[in-house]
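Quick note on labels: first sequence line is chain A, next is B, and so on, each numbered from 1.
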2 protein chains.
Amino acid sequence: MTRAPHQILIIEDEPVIREVLRVLLVREAYRVIEAPTAARAQIEARNHKPDLLIVDLGLPDGDGLDLIRRIRAWSSIPIVVLSARTLEEQKIAALDAGADDFVTKPFSAPELLARVRAGLRRGARAPSGDAPLGFGAVQVDLAVRRTHGAHAEIHLTPVEYRVLESLARRGGMVVPQRVLLREVWGPDRGQDTRGLRVFISSLRAKIEPDPRRPRYLVTETGIGYRLCPDDAADAATAGPSLER
Amino acid sequence: MTRAPHQILIIEDEPVIREVLRVLLVREAYRVIEAPTAARAQIEARNHKPDLLIVDLGLPDGDGLDLIRRIRAWSSIPIVVLSARTLEEQKIAALDAGADDFVTKPFSAPELLARVRAGLRRGARAPSGDAPLGFGAVQVDLAVRRTHGAHAEIHLTPVEYRVLESLARRGGMVVPQRVLLREVWGPDRGQDTRGLRVFISSLRAKIEPDPRRPRYLVTETGIGYRLCPDDAADAATAGPSLER
DNA sequence: CGCGCCCGTTAACCCGTCGTTAAGAATTCG
DNA sequence: CGAATTCTTAACGACGGGTTAACGGGCGCG
């Protein structure tokens, strides 16, 4: 797989860390753009359309979270967040705002690069299901919004489709409940997971062979849900590739 | 195996000890840089990007702890701390600040060299988010939050994952109990290690081949714990026979 | 030799979260 | 305008995870 020179935008106010990041990434043959402020970052992002963003939270002008939300309004570029704080709160908030991954300082070079690779891999993927999802005898085609089981057509409601899309986009990864809430119902919904649970239940009733013992739509208690279709070719996300 | 000449930065004010260290390390074919002060150390570290730091606590200008914290803001170079005082407090504080290992003066040459080797080994390995951890037949993928043993999936609870993450970030090095408590439960938890011990126990029950004799999740009495996953090479296949 | 500290393990309890059903709003469509 | 479908909300049982307490063992120290 020939790697076109990916372009990465670094948003970091502290020159020292910016330098470290730049050297690290350039050495991996990435093209690098830098922005010291959130305001500048928006301009750069629009102009260069980078393949990935590295954002340090706690920028001088305006919160980093705000920047993420604003970028997310018009783009789905993978965003890797960099933060000194180890608090879970911060992490959740960033992911909630639309970040894809999270690295806490101090970070190791291999770790950061791994996240970057993962992000780029994710970004390279087809945006939404051109390949139908398989759950045993049930097949869901998100692209044309059609689902059929072993013997008959199955009907999914709009919200059910959106939940599935949200889960499928991060194929195999756990999707936090807050992320699901935001992506399905919009940002105004707090943390009220009651509705979500109802739809998970009804989804399971439709796609799981034995809804009592979920196999494809799995709960991660306290975190969220994970969707694992039994299709093989979908190895895009969890690739064990450790190439150099 | 051919060992590339690792570069080690010694931060030590007392010329005599510095000399001893230098000779010791050069004899092992390491390249050595020296810095008598914390201020100088930062410059050298940034310029030469050494593979490991040896820091003497109690430097003239500014505390060694401060230096560690400042380095840790942008790098995860392995740091071995050298301390004259035998106080546990000192060790803990250093590890808490981000050091990886410690040696108390007077030290024996073999001991120091062992710590150095361990540190370098750790630095060479990738404590990355996307490489699964191998524990004999058990494989833990922190990125995807998925764990499977020889025959079946293994379920880890959220706290168990967080403990593992915290340990894996410092792969192979000692993680003080305080650090674990803070990273897993947040800063409000004092030093109540009771809960931690319970989770260590249940983790061992899930990932250790023989939980009675821990091999991967090792206790450092009075200090903390250490996680030593298999090397990536023989992760999947080998069912390593360990009978003692 | 005995005492105390630290660690490991088990078990009990409490509370949060999850899954499900059902009934009332909202929306769509004929 | 009415009916059907969809979404929301409520309620409640069940389960699992987290916390704490209690006990036993190993080890060092007096």
For atom CG of Leu203(A) and atom C1' of dT20(C), their distance in whole Å: 14 Å
Euclidean distance, atom OH of residue Tyr161(A) to atom P of dT6(D) [Å, nearest integer]: 11 Å
Sugar-phosphate only, base, or nothing, as touched by Val198(B) at under 4.0 Å among non-hydrogen atoms: base
Short side-chain N/O contact to dT19(D) OP1/OP2 from Trp185(B), under 4.0 Å: yes
Spacing between Arg162(B) atom CZ and dT19(D) atom C1', to the nearest angstrom: 14 Å
dT17(C) phosphate, OP1 or OP2, under 4.0 Å from Tyr225(A) side-chain N/O: no
d(CZ, Arg213(A); C1', dT20(C)) in whole Å: 16 Å
Positive for side-chain contact (heavy atoms from CB on, under 4.5 Å) with Leu53(A), one of Ile77(A), Val81(A), Val80(A), Asp100(A): Ile77(A)
Sugar-phosphate, base or nothing in reach of Gln177(A), heavy atoms under 4.0 Å: sugar-phosphate
Rounded distance in Å - CD1 (Ile200(A)) to P (dT17(C)): 16 Å
Nearest-nucleotide comparison on DNA chain D, the residue closer to the 5′ end among Arg194(A) and His155(B): Arg194(A)
Ser202(A)-Glu160(A) side chain donor-acceptor pair, cut-off 3.5 Å: yes
Ser201(A) side-chain N/O to dT20(C) phosphate OP1/OP2 under 4.0 Å: yes
Short side-chain N/O contact from Thr219(A) to OP1 or OP2 of dG19(C), under 4.0 Å: yes
Nucleotide of dT19(D), dT20(C), dT8(D) approaching Arg197(A) most closely (side-chain heavy atoms): dT20(C)
Identified side-chain contact (heavy atoms from CB on, under 4.5 Å) counterpart of Thr147(A) within the set Leu142(A), Leu156(A), Leu133(A): Leu156(A)
Phosphate OP1/OP2 of dG16(D): any Thr157(B) side-chain N/O under 4.0 Å: no
Euclidean distance, atom CD of residue Glu160(A) to atom P of dT8(D) [Å, nearest integer]: 12 Å
CZ-CZ distance between Arg162(A) and Arg145(A), expressed to the nearest 0.5 angstrom: 7.5 Å
Rounded interatomic separation in angstrom, taking CD from Gln191(A) and P from dC18(C): 12 Å
Separation of dC6(C) C1' from Leu196(B) CG (nearest whole Å): 13 Å
Under 4.0 angstrom between Arg212(A) side-chain N/O and dC15(D) OP1 or OP2: no
Spacing of Leu120(A) atom CG and Leu52(A) atom CG [to the nearest 0.5 Å]: 5.0 Å
